[in-house]
Novice: 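Below is one structure. I have some questions about it.
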Amino acid sequence: MSYFLGSQKVLAACFYPALLEEDSLPLDVKQRAESLLRECDGGSIGSYTDSSGIAKIKHCVSQFITRRDGGVPSSPDNIFIKSGSQMALMIMLKLLIRSDDSCRTGVLIPVPTYASFTLALEKQGAAIIPYYLCEEQGWTLQVEELRRALNTGRKTCNPVALYICNPGNPTGHIQSRKSIEEVIRFAAEEKLFILADEVYQSCMYGDDTEFHSYKKVLSEMGSTISSTVEQASFNSVSKGFMGECGLRGGYVELVNLDPAVKEYASRLLSTRSCPPVVGQIALDLMADPPKPGDTSFPTFSEEVQSIKNTIGKNTVRILEVFAELPGISCQPLKAGYFVFPCLHFPPKAIKWAKRRQMEPDMLYCLHLLEESGLHVRPGCEYGQRKDSYHIRLFVATQENIMEDALQRLKTFHTQFMKEFS
Amino acid sequence: MSENGALPLRGKVLTVDTMNANVKKVDYAVRGPIVQRAVQIEKELKEGVKKPFEEVIKANIGDAHAMGQRPITFFRQVMALCTYPQLLDDNKFPEDAKNRARRILQSCGGNSIGAYTTSQGIDCVRHDVANYIQRRDGGIPSDPDNIYLTTGASDGIVTILKLLTAGEGRTRTGVMISIPQYPLYSASIAELGAVQISYYLNEEKCWSLDISELQRALQAAREHCSPRVLCIINPGNPTGQVQSRQCIEDVIRFAAKENLFLMADEVYQDNVYAEGCEFHSFKKVLFEMGPEYSSKVELASFHSTSKCYMGECGFRGGYMEVINMDPGVKAQLTKLVSVRLCPPVPGQALMDLVVNSPQPGEPSYQTFMKERTAVLSALAEKAKLTEEILNTVPGISCNPVQGAMYSFPRITLPERAINEAKAKDQAPDMFYCMKLLEETGICLVPGSGFGQREGTYHFRMTILPPTEKLKIMLNKLKEFHQKFTQQYS
């Protein structure tokens with residue numbers, strides 16, 4: 001997938017300002033690069049910045065949030081830029097997870113969830129309290145299930161935080177507004193800190209999908225809740241139309257945080273110097289992309305539309321191919337970069353995996369790789385209900401690559417099911 | 001009562017009392033309260049508030065570009081080419097820059113620096129780093145598999161400390177670190193809940209490291225913790241001392257005898273100025289000491305793109321080389337770094353250029369060498385200048401700045417000033433530095449932020465401002481010190 005061309009030009013000019021004297025760069029690109037360089041000490045992106053990010057960029061991000069949320073105010077003081085949303089999440093976990101208590105700090109996390117997050121929690125010494133998303137209903141989050149998980153968790157640890165990923169990874173589901181309200185109400189009742197991972201907020205497909213930010217919904221829930229529930233929302237340049245994962249730009253917006261704690265968060269951030277400047281610039285471009293009237297706007301909007309179209313087509317094609325195959329079913333894909341279909345293995349296949357002391361979906365993926373060169377991840381790495389199996393496929397790729405992948409999967413899967421029926 | 005008369009608002013989930021207690025102990029003086037005040041003063045100046053000075057000079061942080069140092073042209077050209085590959089068709093860019101860019105892009109997913117890389121870092125970059133280390137260390141082999149690219153050296157340092165911190169109570173990991181030290185160490189030790197074991201550098205002997213002092217500190221520490229790590233910063237921060245080869249050998253021998261994991265922070269390895277001083281990497285010395293040591297002593301060495309002649313702090317580029325690490329632990333290390341996905345790719349690319357810079361015969365070589373030499377010789381000149389001028393001030397005594405980017409002079413403070421500071425619950429050197437800031441606009445970091453012997457006071461000042469500005473700054477400091485001494489005598 002080709003990344004946003006305009007951002008490449010701005011970044012190049014920031015790296016090598018001699019380019020600003022050339023005619024080849026569009027005016028709005030030059031103006032953006034110049035304005036960003038003015039915010040850097042010594043006019044260089046090689047300088048350190050404020051630990052929580054360049055003030056102007058935080059301001060830009062706060063405006064982006066306010067526009068997104070239909071006017072709900074956002075203050076740059078509550079925004080901390082980090083080298084990727086993962087790092088921002090780590091800082092919050094570091095604040096929340098106590099290491100001196102005999103009773104471990106618990107964090108509720110969805111099943112399935114992406115593997116590096118689980119690892120991060122373990123490394124921080126948190127107790128993981130899984131809550132299962134409801135696959136049959138499109139991977140929805142059910143409050144009764146949250147309640148069950150919390151009550152179970154309370155027996156062995158001290159739950160303080162509830163982690164939500166919306167849109168979901170790897171599931172690709174989007175929470176309805178109603179569901180978000182229920183979750184917030186639950187967090188309010190049970191005194192839980194909400195960690196809202198919203199990095200896929202601009203990767204949405206289908207006409208009936210709408211992203212509601214946790215911040216926006218919270219702000220519309222009456223003053224008792226909206227002024228008390230503590231929340232941290234995460235976003236990143238790694239997903240969405242930017243897709244600049246390698247640049248490491250992300251942020252956390254804090255809501256209703258105790259000011260004394262915020263002070264400590266700042267101090268903690270300062271020990272890591274500052275987030276990578278290039279990542280900060282990418283955030284600025286994400287938060288304030290070309291507008292109608294800007295020289296780069298036509299190209300930009302074409303690129304964004306093209307990415308959306310490609311992924312949209314891919315998701316349709318995926319469901320078409322799956323519909324033809326036995327033993328594979330898939331919930332509707334609404335957002336994100338992945339699809340997480342369910343594999344219904346015949347008993348023979350499960351026995352075969354048991355003999356090899358491996359999870360059936362892991363073994364399936366290994367053989368798929370060996371025999372077809374197609375690399376997908378097994379559901380066991382993300383968590384799933386007992387005796388259910390999945391694979392995770394990447395969908396944000398060029399149409400021809402998607403088609404190739406699907407054909408290879410189709411061939412392998414058909415053969416596999418025949419062999420083990 | 002809330003506005004609609006319902007139940008009282010709930011208490012917060014996350015308060016200073018409920019949060020991770022270790023976070024409370026984290027302090028990082030380089031960006032602490034004095035810097036916050038400096039930023040405030042800058043705002044006031046912008047708003048037109050009258051001050052006895054026109055600008056704040058931020059001599060608190062080792063940020064070369066902020067002080068006007070220019071980036072290396074070649075590096076920035078390659079970065080532009082990597083970011084916007086269409087420039088590869090632009091004939092204003094030299095061929096050697098284009099070749100480096102193509103090579104880097106080829107090793108990135110989708111030929112883009114916007115893609116994730118493996119957590120350990122781009123393969124070809126790690127190979128280039130290993131080759132650089134091998135060349136630097138006179139042919140001693142370096143395995144790319146032992147190289148981890150990191151988000152600045154700080155990331156690597158904290159990761160290794162995390163890996164080594166274990167146990168509880170008397171078995172809790174003890175980490176030996178110099179006093180004075182770069183406060184990332186004390187902050188990370190506090191954050192991780194490890195035990196800090198301070199060993200004092202010898203100010204009278206130009207901040208040298210005495211093994212007897214290491215021994216003393218270690219012995220005392222064994223009473224209450226389990227010492228596992230020995231951190232050395234060479235060239236030193238804040239002190240600037242460059243360890244002699246003999247000293248490095250002695251330290252390695254000590255680490256071997258006492259079963260300590262060595263962490264060698266070598267980010268200033270090109271910043272060596274004093275005559276008779278030379279940078280010796282811990283790895284090189286270790287291997288030249290023969291298999292009795294080189295097959296046994298566990299070592300992690302750190303480097304970065306932020307210092308030396310590059311000064312590219314904002315890129316967050318760095319690497320660490322781990323030697324003799326237990327394979328099981330190394331597997332855990334690899335897993336640990338995967339959590340943060342990957343280091344910033346621009347930083348990885350820049351690191352590649354640092355270890356694979358223009359060679360004789362290449363089109364960019366002459367300009368590159370000219371720029372590199374200019375930066376390092378300017379720093380050497382400023383190091384000498386700083387030491388000379390500060391030593392003309394009665395009450396200020398400055399050891400030779402042998403390397404790195406800072407001076408760490410000792411200041412004598414009048415009794416009355418010390419008492420006034422203590423009455424304000426302020427460290428006396430903080431009191432001094434705050435007054436200095438308010439009266440001259442010069443922002444330094446008090447010695448208390450780095451650690452110092454009880455009853456002594458220092459400040460850390462960078463040698464980075466342009467020479468003329470540095471001279472003015474040093475003279476203003478001289479005036480201030482004399483005035484301060486008189487005022488409080």
Side-chain angles (χ1 to χ4, degrees), chain A residues 1 3 8-9 11-13 15-16 19 40-42 44-49 51 83-84 86-87 90 94-100 116 119-120 123 160 188 191-193 223-224 227-228 230 243-248 256-258 260-261 264 267-268 270-279, chain B residues 2-4 6 9-10 12-16 19-24 26-28 31 61 63 65-69 71 76-77 79-80 83-84 87 108 110 112-117 151-152 154-155 184 187-188 191 193 311-316 335-336 338-342 344-347:
Chain A
M1 295 283 283
Y3 301 102
Q8 291 182 3
K9 294 178 193 170
L11 287 167
F15 276 125
Y16 189 51
L19 287 172
C40 299
D41 283 346
S44 165
I45 58 168
S47 295
Y48 284 124
T49 72
S51 310
S83 49
Q86 283 306 287
M87 293 309 293
M90 291 311 107
K94 206 167 266 279
L95 291 168
L96 286 161
I97 298 168
R98 296 182 69 108
S99 48
D100 54 347
S116 59
L119 185 60
K123 295 292 174 193
V160 307
K191 242 187 126 177
L192 294 168
F193 190 109
S223 62
T224 314
S227 60
T228 58
E230 292 143 84
E244 301 276 16
C245 325
L247 300 186
R248 315 312 298 123
N256 293 327
L257 217 77
D258 181 317
V261 173
Y264 281 109
R267 218 181 280 188
L268 204 54
S270 76
T271 64
R272 306 293 197 269
S273 307
C274 69
V277 181
V278 176
Chain B
S2 62
E3 63 174 45
N4 59 4
L9 299 176
R10 66 165 183 167
K12 293 207 182 276
V13 176
L14 188 56
T15 65
V16 171
M19 102 183 158
N20 177 356
N22 288 343
V23 173
K24 281 190 255 192
V26 171
D27 255 309
Y28 183 64
R31 287 175 182 253
I61 190 166
D63 187 344
H65 291 199
M67 288 286 116
Q69 182 178 305
R76 294 303 191 88
Q77 285 176 330
M79 292 312 305
T83 295
Y84 181 38
L87 291 173
C108 292
S112 164
I113 62 167
Y116 282 127
T117 72
T151 307
S154 302
D155 173 31
L184 169 69
S188 306
E191 193 188 306
E312 299 279 17
C313 317
F315 276 66
R316 315 311 298 122
K335 204 162 78 155
L336 191 56
S338 74
V339 171
R340 54 104 171 90
L341 300 167
C342 73
V345 182

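Note that the structure is predicted; figures quoted are calculated from it, not measured. In what follows, chains carry the letters A, B, and so on, assigned in the order in which the sequence lines appear, proteins first and then strands, with residues in each chain numbered from 1. What's counted below: heavy atoms across the whole structure, side chains too, no hydrogens, waters or symmetry copies.
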Novice: Which pair of non-hydrogen atoms, one from A:Val261 and one from B:Val16, has the smallest distance, and what is that distance?
Specialist: CG2-N, 3.7 Å

Novice: With side-chain contact (heavy atoms from CB on, under 4.5 Å) as the criterion, how do B:Met79 and A:Val278 come out once you've worked through the C-alpha distance, each side chain's angles and the decisive distance to 0.1 Å?
Specialist: CA-CA 11 Å; B:Met79 292 312 305; A:Val278 176; over 6 Å; no

Novice: Output yes when a side-chain donor or acceptor of A:Lys94 lies under 3.5 Å from a complementary backbone atom of B:Asn20, and no otherwise.
Specialist: no

Novice: State, to 0.1 Å, how close A:Ser116 and B:Ser338 come at their nearest heavy-atom pair, and which atoms those are.
Specialist: CB-O, 4.2 Å

Novice: Report yes or no: does B:Arg76 contribute a side-chain atom to a donor-acceptor pair with the main-chain N or O of A:Phe15 at less than 3.5 Å?
Specialist: yes

Novice: Would you tell me whether B:Thr151 and A:Arg248 have side-chain atoms, one donor and one acceptor, within less than 3.5 Å of each other?
Specialist: no

Novice: By a 4.5 Å heavy-atom criterion (distance strictly below it), what part of B:Glu191 contacts chain A: side chain, backbone, both, or neither?
Specialist: side chain

Novice: Quick check for you: among A:Leu11, A:Leu247, A:Leu95, which has the greatest number of heavy-atom pairs under 4.5 Å with chain B?
Specialist: A:Leu95

Novice: Has the side chain of A:Gln86 got a donor or acceptor atom that lies under 3.5 Å from a matching backbone atom of B:Leu341?
Specialist: no

Novice: Step by step, work out the side-chain contact (heavy atoms from CB on, under 4.5 Å) result for B:His65 and A:Asp41.
Specialist: CA-CA 7 Å; B:His65 291 199; A:Asp41 283 346; over 6 Å; no

Novice: Could you grab the distance from atom CZ of B:Arg340 to atom CG of A:Leu119, nearest 0.5 Å is fine?
Specialist: 12.0 Å

Novice: By a 4.5 Å heavy-atom criterion (distance strictly below it), what part of A:Ile97 contacts chain B: side chain, backbone, both, or neither?
Specialist: backbone

Novice: Sort out for me which of B:Leu336, B:Val23, B:Thr15 touches chain A most, counting heavy-atom pairs under 4.5 Å.
Specialist: B:Val23

Novice: Among A:Ser273, A:Cys274, A:Ser99, A:Gly42, which residue forms the greatest number of heavy-atom pairs with chain B at distances under 4.5 Å?
Specialist: A:Ser273

Novice: Might you point out which heavy atoms bring A:Leu19 and B:Ala80 nearest each other, and give the distance in Å?
Specialist: CD1-CB, 4.2 Å

Novice: Looking at B:Leu184, B:Thr117, B:Ile113, B:Asp155, which makes the most heavy-atom pairs under 4.5 Å with chain A?
Specialist: B:Ile113

Novice: Tell me, out of B:Met19, B:Arg31, B:Lys24, who's got the most heavy-atom pairs with chain A below 4.5 Å.
Specialist: B:Arg31

Novice: Name the region of A:Ser270, side chain, backbone, both or neither, that has any atom closer than 4.5 Å to a heavy atom of chain B.
Specialist: both

Novice: How many angstroms lie between atom SG of B:Cys313 and atom CD1 of A:Ile45, to the nearest 0.5 angstrom?
Specialist: 12.0 Å

Novice: Using the rule side-chain contact (heavy atoms from CB on, under 4.5 Å), only one of A:Pro276, A:Ser83, A:Pro275 pairs with B:Arg316; which is it?
Specialist: A:Pro276

Novice: Taking all heavy atoms of A:Leu96 and all of B:Leu14, pick out the closest pair and write down the distance.
Specialist: CD2-CD1, 3.8 Å

Novice: In Å and rounded to the nearest 0.5 Å, what is the OG to CZ distance from A:Ser44 to B:Phe315?
Specialist: 7.5 Å

Novice: Using a cut-off of under 4.5 Å on heavy-atom pairs, state which of B:Val345, B:Asp63, B:Val26 scores highest against chain A.
Specialist: B:Asp63

Novice: Looking at every non-hydrogen atom in both residues, tell me the closest pair between B:Tyr84 and A:Ala12 and how far apart they are.
Specialist: CB-CB, 3.7 Å

